[in-house]
Student: 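My questions all concern the structure below.
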Amino acid sequence: MLKQQVVAILNEIGTLLEIQGENMFKVRAYYNAARTIEQLDKELSDVVASGELGELRGIGDTLREKITTLVTTGQLPWYEDLKKKIPQGLFSMLRVAGLGPKKVKALYDELGIDDLDKLKAACERGEVAKLKGFGVKTQEKILEGIEFIRLTGSRVRIDQALPIAMSLVEELRKMPEVQRIELCGSLRRRRETIKDVDILVSSAKPEPIMERFVKLPGVVQVIGTGETKTSVVLDVGAPGRQQLINADLRVVSDEHFPFALHHFTGSKEHNITMRSRAQDKFGLKISEYSIEGDSKSIKVKDEAALFKALGLSYIPPEMREDTGEVDLAEKGQVPTLIEASDIKGVFHNHTNWSDGKATLEEMAEAARTMGFQYLGIGDHSQSLTVANGMSVERVKKQQAQIDALNKKFKNFHVFKGSECDILPDGSMDYPDDVLATFDYVVASVHSHFGQTKEEMTARIIKAVRNPHVTMLGHATGRLLLMRDGYQVDLEAVLQAAAQSGTMVEINAQPSRLDLDWIHCKRAKALGVMLVINPDAHSTGELFLFRYGIDVARRGWLEPGNVFNTRSLEEVKKEFARRKK
DNA sequence: GCCGTTTTCGGCCCGACTGTTTTCAGTCG
């Protein structure tokens, strides 16, 4: 059974147990196990086979047995029985704001409600308000919640939310009443998809800030407004395509700001680890307002001081996912993460020779203006006809044009590359003599996504081992919130890349962000060199490399782990070395 | 259900808010 399926089942078990009214700590054990498996940077089947499963934190004898059964037999009778007791529709009811497992169970037990349609109808008939523990207000909130799900429902990509969230922050920052302001939540941690926008402000005068907030561009509805918190609905969709998400603004006193900032940045799991540790080690209680001991209260001026007060070095927000960062901070071993300013150029970009919008000259000029030392062009190869893939003949012409262009530049260089298709059998889309004419080759899968995991893994590994291949493009082909990647054993691919010295791309298109951050960590551990590429199809898209920086930082990468932090001379030298 | 250089049993992060309550359970982040 696939890792993603195991994760889904563990989460589902957690919810089923919750609805059944199980002990919350037992429930959490299943959610924790799901998260641990999800963030595993190796193949789950390998971990099971090698016996490492039971050594993972939060997986004891019971969970080890259940997960092993799932992975090896593809099913778990205990889970099947559990599932029979509880209708699937209750899961959709849990998405309604204000409804948790207890209320959902009551609705099911008392009124036989087991899906959203029945829930809506019962509310409209006034039946829900009569239930014990419910009331008219709850009933109204449920109806609003159902409507909100209909309007919003899903997560959005970071590129949809970040620009608008930042513009809100910048507008509020102009106000004299605002002392400090930061984006919080998953946006500050730069997760690839987000559910809502969280903004934190410190001020002695909240009212004018709240008033201004609800009138800012993008705000389409005010859900609630108070002295400490205001909630609105934000439209983050492209013009003409409404896409709504929730946005919360919180205002605290400046003294509370560092505590609140850490609290609302999360992740929840990171906070739990931080708080448990502070409790165990120092008997200190961390909350969103303070750090309290038996007699003392610790004051800090900013987040860095907060970590310091707990004997930890600063942990950047992107690392706060409870994947070992607190241990690292305790030992003073938090890596110096890569920053956007470390990037000297990018390699995987398209021009109007294939499916890009801009000309070669325009792309080069844009890269120069951005302060890059070099730009790599990697138009599509011949078999990708839908993207105007380049015949061998056209490759020669483009290369001649690049050579001519390079004569005009001083301290800037355009590298001749290709985004060459990996054919279904793992061979490349150009013959060796053509591949040899490029400075570098990005190898990507664009077809036959339906191959078995074994076929796909063998196919990609063959490409990775091809001496002409410099780097592997978008390793799984996933499209966030749209399509899962093809099935591939990334551990085997990364090991092959480590062996052959082939680089692996972090494709910075916000719809891809592939290689993902979890496998970035693994790649780093294996010594694989990564490379951040915007996969730009226009001059404006060159800036997308910044989303790749976010992934790299979430993956604990330092400048030395990323090839395009190297200078033009170093890159030239490396490409020349690989030609020998 | 997990976990332990003080523990193999008794803990498990913390506080706010809401609505339904006469003191608190459920939900949320």
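None of these values were measured; they are calculated from a predicted model. Side chains are part of it too, since the values below use all heavy atoms of this structure and drop only hydrogens, waters and symmetry mates. Below, chains carry the letters A, B, ... as their sequence lines are ordered, and counting in each starts from 1.
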Student: Show the nearest heavy-atom pair for residues A/Leu183 and A/Ile199, with the distance to one decimal.
Tutor: CD1-CG1, 3.8 Å
Student: Could you please name the partner base of B/dT8, counting Watson-Crick and G-U wobble pairs only when both distances are under 3.5 Å?
Tutor: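 Matched B/dT8 with nothing under the 3.5 Å cut-off.
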Student: When you compare B/dA16 with B/dT23, how far apart are their P atoms, in angstrom units rounded to a whole number?
Tutor: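 Rounded to whole Å, the distance is 22 Å.
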Student: Considering every strand and a 4.0 Å limit on heavy-atom distances, what is the contact class for A/Thr273: base, sugar-phosphate, or nothing?
Tutor: nothing
Student: Which atom pair, heavy atoms only, marks the closest approach of A/Lys103 to A/Thr138?
Tutor: CE-CG2, 4.3 Å
Student: Check the phosphate of B/dG1 against A/Lys66, side-chain N and O only, distance under 4.0 Å to OP1 or OP2. Yes or no?
Tutor: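 Yes, within the criterion.
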Student: Taking the P atom of each, how far is B/dC13 from B/dC24, in whole Å?
Tutor: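 Roughly 23 Å separates the two P atoms.
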Student: Go through B/dG19, B/dG1, B/dG29 for me and flag the one nearest to the A/Lys195 side chain.
Tutor: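 Closest nucleotide to the A/Lys195 side chain: B/dG29.
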Student: I need the CZ-C1' distance between A/Arg64 and B/dG1, as an integer number of Å.
Tutor: 13 Å
Student: Taking atom P in both B/dT7 and B/dG1, what distance in whole Å separates the two?
Tutor: 25 Å
Student: What integer number of Å spans the C1' atoms of B/dG15 and B/dG10?
Tutor: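 Nearest-Å result for B/dG15 against B/dG10 at atom C1': 24 Å.
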Student: Rounding to a whole Å, what distance do you find between A/Lys130:NZ and B/dT20:C1'?
Tutor: 18 Å
Student: Please report the distance, rounded to the nearest Å, between CG in A/Leu76 and P in B/dG1.
Tutor: 12 Å
Student: Nearest-Å distance, CZ (A/Arg189) to P (B/dG29)?
Tutor: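 To the nearest whole Å, that distance equals 13 Å.
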Student: Consider salt bridge (charged side-chain N to carboxylate O under 4.0 Å, His left out). Of A/Arg554, A/Lys268, A/Arg553, which one does A/Glu321 pass it with?
Tutor: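 So, applying the salt bridge (charged side-chain N to carboxylate O under 4.0 Å, His left out) to A/Glu321 and each of A/Arg554, A/Lys268, A/Arg553, only A/Arg554 qualifies.
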Student: Looking at A/Lys3 and A/Glu38, does any basic side-chain N land under 4.0 Å from a carboxylate oxygen?
Tutor: no
Student: Looking only at heavy atoms, which two atoms of A/Asp198 and A/Arg250 are closest? And how far apart?
Tutor: OD1-NH1, 3.6 Å
Student: Specify the closest pair of heavy atoms between A/Leu310 and A/Phe282, including all atoms of both residues, with the distance to one decimal.
Tutor: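 Smallest heavy-atom distance, with atoms named: O-CE1, 3.4 Å.
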Student: Atom CD1 of A/Ile194 and atom C1' of B/dG29: how far apart are they, to the nearest Å?
Tutor: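 Rounding to the nearest Å, CD1 of A/Ile194 and C1' of B/dG29 are 15 Å apart.
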Student: If the sugar-phosphate is the primed atoms plus P, OP1 and OP2 and the base is the rest, what is the B/S/- string for nucleotides 21-27 of chain B, using protein heavy atoms under 4.0 Å?
Tutor: S----SS
Student: To the nearest angstrom, how far is A/Arg320 atom CZ from B/dG29 atom C1'?
Tutor: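 About 16 Å, once rounded to whole Å.
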Student: May I ask you to evaluate whether A/Thr62 reaches the phosphate of B/dC2, defined as a side-chain N or O under 4.0 Å from OP1 or OP2?
Tutor: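 Affirmative; the distance criterion is met.
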Student: State whether A/Asp117 and A/Lys120 are salt-bridged, where the test is any N-O pair (Lys NZ or Arg NE/NH1/NH2 against Asp/Glu carboxylate O) under 4.0 Å.
Tutor: no
Student: Taking all heavy atoms of A/Thr230 and all of A/Met210, pick out the closest pair and write down the distance.
Tutor: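 Scanning both residues completely, I find the closest heavy atoms to be OG1-SD, 3.0 Å.
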Student: For B/dT6 versus B/dG11, give the span between their C1' atoms, rounded off to a whole number of Å.
Tutor: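 Per the computed distance, 14 Å lies between those C1' atoms.
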Student: Who are the salt bridge (charged side-chain N to carboxylate O under 4.0 Å, His left out) partners of A/Arg546, not counting sequence neighbours?
Tutor: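 Partners of A/Arg546 by the salt bridge (charged side-chain N to carboxylate O under 4.0 Å, His left out) criterion come out as none, since no residue qualifies.
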Student: Reading DNA chain B from 5' onward, which residue's closest nucleotide shows up sooner: A/Asp196 or A/Leu56?
Tutor: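 Looking at DNA chain B, the more 5' nearest nucleotide goes with A/Leu56.
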Student: For a quick check, with a 4.0 angstrom heavy-atom cut-off, what is the B/S/- contact string for nucleotides 4-15 of chain B, read 5' to 3'?
Tutor: --------BBBS
Student: When rounded to the nearest Å, what value does the distance between P atoms of B/dC9 and B/dC14 take?
Tutor: 25 Å
Student: What integer distance in Å separates A/Asp61:CG from B/dC2:C1'?
Tutor: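 To the nearest whole Å, that distance equals 10 Å.
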Student: Report the distance from atom CZ of A/Phe264 to atom P of B/dG29, rounded to the nearest whole Å.
Tutor: 11 Å
Student: Might you point out which heavy atoms bring A/Gly548 and A/Ala508 nearest each other, and give the distance in Å?
Tutor: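 What the structure gives for the nearest pair is N-CB, 3.4 Å.
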